[in-house]
Amino acid sequence: MNIRRPISTATLAGVSVLGLLALSACSPSGGARTEDGKLRVTASFYPMEFLARQIGGKHVEVTDLTKPGVEPHDLELSPKQTAQLGESGAVVYLKGLQPAVDAAVEQSGAKHVADAAALTSLEAHGTEVDGHHHTTGDNHSHSESEGGKDPHLWLDPVKYAEVAKGVNKTLAQADPDHKADYQKNTDALVKKLDGLNTEFKNGLKKRSSDTFLTTHAAFGYLAERYGLTEEAISGLDPEAEPSAKRIRDLHTLAKEHHVSTVFFETIANPATAKALAGDLHLKTDVLDPLEGINAKSRGKDYFGVQRANLAALQKALGSK
């Protein structure tokens with residue numbers, strides 16, 4: 001499902017003033033550029049910020065609407081953040097993940113917008129994703145919360161590279177004078193993502209198990225890419241509470257598929273994952289959905305955390 005939570009009154013109030021802000025942004029005195037000529041880019045959360053910085057390089061000033069340690073699904077925009085959208089030279093976001101951002105972008109009047117959800121294909125994922133057959137339910141765990149599009153595309157390096165190419169086009173349209181530099185930076189980033197994809201393929205090639213348990217269903221695309229089976233405690237929304245039946249199913253499949261580890265995250269509450277691990281006498285470890293970088297992150301950037309994720313999966317799946 002698309003992550004659609006109720007939009008607060010404060011957010012709606014902020015969006016209501018965007019018409020005036022959009023007019024300001026389109027005027028000669030608008031804030032699309034900094035005083036030293038850099039393109040102002042607003043990113044919705046860390047994976048989009050990372051792309052904007054890597055591709056924009058020295059020609060952009062990037063502002064992330066989601067601060068470190070904040071759960072991006074829960075983001076509410078302040079009036080200042082809402083204004084930033086209306087005054088941006090370019091916006092990079094992922095429609096369907098943050099309702100407050102979706103509403104503000106729609107009303108912002110921003111001319112140059114990269115929506116990651118439109119730059120690659122999205123699929124419907126439930127609490128189980130079988131990467132062998134690109135289906136749900138093959139572990140017979142009665143996958144829940146199906147029927148909506150999974151926004152967690154950035155955890156698949158191949159899909160993330162597709163989005164990077166689209167962000168490149170948006171920045172080049174907003175700032176054609178530096179089009180060549182944006183293309184050069186994009187080529188370098190895509191090459192690194194291709195290398196990361198190869199690391200995952202080779203690193204997970206020889207393993208004793210295919211099934212991993214995690215807090216919420218953020219790793220469906222990763223599971224599909226590398227032939228794994230993701231079993232999530234909750235659905236696409238990290239705040240969703242699992243049913244009693246889902247917990248019983250997880251008890252059963254953990255034993256049948258020789259699961260050794262229950263993964264939790266650095267931002268979301270780990271209580272349910274740790275309780276399940278305790279009941280089953282399993283180990284716990286971090287598998288980071290990379291929705292933000294904070295002091296607990298096992299890496300300083302996207303590549304560092306993804307390599308930490310790979311190492312965690314190798315250990316849990318018995319890779320040789």
Side-chain angles (χ1 to χ4, degrees), residues 1-5 44-48 50 66 69-75 93-98 116-117 120-131 134 136 141 143-160 163 196 200 204 211-226 228-242 246 250 259 261-274 276 284-294 296-299 302 305-313 316-317:
M1 64 180 177
N2 286 355
I3 310 301
R4 290 289 181 185
R5 294 193 180 152
S44 55
F45 73 126
Y46 177 73
M48 302 299 104
F50 185 75
T66 307
V70 174
E71 166 54 56
H73 301 78
D74 294 331
L75 180 68
Y93 84 120
L94 200 169
K95 187 175 183 179
L97 184 77
Q98 299 169 289
T120 186
S121 58
L122 299 185
E123 300 174 16
H125 288 154
T127 50
E128 177 184 314
V129 178
D130 177 10
H134 291 252
T136 61
S141 70
S143 183
E144 299 172 350
S145 302
E146 296 181 34
K149 297 295 186 181
D150 181 357
H152 300 89
L153 54 86
W154 62 91
L155 291 165
D156 175 355
V158 176
K159 285 188 174 296
Y160 200 43
V163 174
L196 182 65
F200 267 88
L204 296 171
T211 301
F212 65 99
L213 267 62
T214 188
T215 304
H216 89 283
F219 299 91
Y221 295 117
L222 184 147
E224 288 185 336
R225 180 67 57 190
Y226 305 112
L228 308 177
T229 299
E230 176 196 46
E231 293 288 354
I233 296 172
S234 61
L236 297 175
D237 185 343
E239 302 282 328
E241 290 292 331
R246 179 61 183 161
L250 290 172
V259 173
T261 306
V262 178
F263 288 111
F264 63 95
E265 303 171 11
T266 56
I267 295 179
N269 190 332
T272 304
K274 290 187 175 182
L276 179 63
T284 60
D285 202 353
V286 171
L287 197 63
D288 196 328
L290 254 168
E291 294 176 346
I293 298 288
N294 59 34
K296 296 180 181 179
S297 299
R298 294 180 173 180
Y302 174 87
V305 174
Q306 278 285 61
R307 290 190 174 101
N309 282 343
L310 172 58
L313 284 169
L317 300 177

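All of these numbers come straight from a predicted model, not from anything done at the bench. Throughout, residue positions are numbered sequentially from 1 according to the sequence presented.
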Check: Is there side-chain contact between Thr215 and Thr272, with heavy atoms separated by less than 4.5 Å?
Finding: no
Item checked: Straight-line distance of Arg298 CZ to Leu287 CG, nearest 0.5 Å -> 9.5 Å
Next item on the list: Show the numbers, then the answer: is there a side-chain contact (heavy atoms from CB on, under 4.5 Å) between Trp154 and Phe50?
Entry: CA-CA 11 Å; Trp154 62 91; Phe50 185 75; over 6 Å; no
Item checked: Tyr221 side chain reached by Leu155 side chain, heavy atoms, under 4.5 Å -> no
Checklist line | Shortest non-hydrogen contact from Glu230 toward His216 | finding: OE2-O, 3.8 Å
Next item on the list: List the steps and the verdict of side-chain contact (heavy atoms from CB on, under 4.5 Å) for Phe200 and Arg225.
Entry: CA-CA 9 Å; Phe200 267 88; Arg225 180 67 57 190; over 6 Å; no
Margin query: Before you tell me yes or no, could you show the steps for Leu290 and Tyr46 under side-chain contact (heavy atoms from CB on, under 4.5 Å), namely the whole-Å CA-CA distance, both residues' side-chain angles and the distance that decides it to 0.1 Å?
Written below: CA-CA 8 Å; Leu290 254 168; Tyr46 177 73; 3.8 Å; yes
Check: About how many Å separate CG of Asp288 and CD1 of Ile293, when rounded to the nearest 0.5 Å?
Finding: 6.5 Å
Checklist line | Side-chain heavy atoms of Leu222 within contact of Leu313, under 4.5 Å | finding: yes
Margin query: For a side-chain contact (heavy atoms from CB on, under 4.5 Å) check, start with the C-alpha distance between Glu123 and Val129, then their side-chain angles and the critical distance, and finish with the verdict.
Written below: CA-CA 11 Å; Glu123 300 174 16; Val129 178; over 6 Å; no
Next item on the list: For the residue pair Phe264 and Lys274, establish whether any side-chain heavy-atom pair is separated by less than 4.5 Å.
Entry: yes
Check: Do the side chains of Val259 and Glu231 get nearer than 4.5 Å, heavy atoms only?
Finding: no
Notebook entry, point to check: Is there a side-chain contact between Ser121 and Lys159 (heavy atoms, below 4.5 Å)?
Noted result: yes
Note to self: To check you understand the geometry: which heavy-atom pair defines the closest contact between Val286 and Ala312, and what is its length?
What the structure shows: O-CB, 3.6 Å
Next item on the list: Please round to the nearest 0.5 Å and tell me the distance separating atom CD of Glu265 and atom OG1 of Thr214.
Entry: 5.5 Å
Check: Looking at side-chain heavy atoms only, is the closest gap between Leu153 and Leu122 below 4.5 Å?
Finding: yes
Next item on the list: Determine, for Arg246 against Glu128, whether the closest basic-nitrogen to carboxylate-oxygen distance falls under 4.0 angstrom.
Entry: no
Note to self: Between Phe219 and Phe263 (judged by ring centroids, cut-off 6.0 Å), do the two rings come close enough to count as a pair?
What the structure shows: no
